[in-house]
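What follows is one structure encoded as structure tokens, with my remarks underneath.
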Amino acid sequence: MNALVLRIVCGLLFLGMVLGVVTHPPKDLTQGLGMMLPATMLLGVALKGPKGRSSIPKKRTPPAPPVSGGTPGV
């Protein structure tokens, strides 16, 4: 429940930043780049959640078998 509230709040803050950029565009490139960093962080939390884990589980690959033969230490 707590993570859901955080995701909703971050999504609303991101939406507010986007609307602010649309209504009052940045004066120069550096101001625009400075606004992008917090916006991307808010969007990341809104999409992935506070722990940053993806909702799609990843498959783990089995460890590679040891290589036999050859000359060790060369």
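None of the values given here were measured: they were computed from a predicted structure.
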Fill in: Partners meeting side-chain contact (heavy atoms from CB on, under 4.5 Å) with Leu13 (sequence neighbours left out)
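Only Val9, Leu42 meet the side-chain contact (heavy atoms from CB on, under 4.5 Å) criterion with Leu13.
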Item to complete: Would you please name every residue forming a side-chain contact (heavy atoms from CB on, under 4.5 Å) with Leu33, sequence neighbours left out?
Response: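 Only Leu29, Met36 meet the side-chain contact (heavy atoms from CB on, under 4.5 Å) criterion with Leu33.
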Worksheet item: Which residue pairs satisfy the side-chain hydrogen bond (donor to acceptor under 3.5 Å, both in side chains) criterion with at least one member in residues 26-40, sequence neighbours excluded?
Response: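 Pairs touching residues 26-40 that pass the test: Asp28-Thr30.
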Worksheet entry | Pair listing, side-chain hydrogen bond (donor to acceptor under 3.5 Å, both in side chains) test, anchored in residues 6-26, at least two apart |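 Residue pairs passing side-chain hydrogen bond (donor to acceptor under 3.5 Å, both in side chains), neighbours aside: none found.
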Listed pairs under 3.5 Å, donor-acceptor, residues 14-22 side chains, sequence neighbours left out:
none

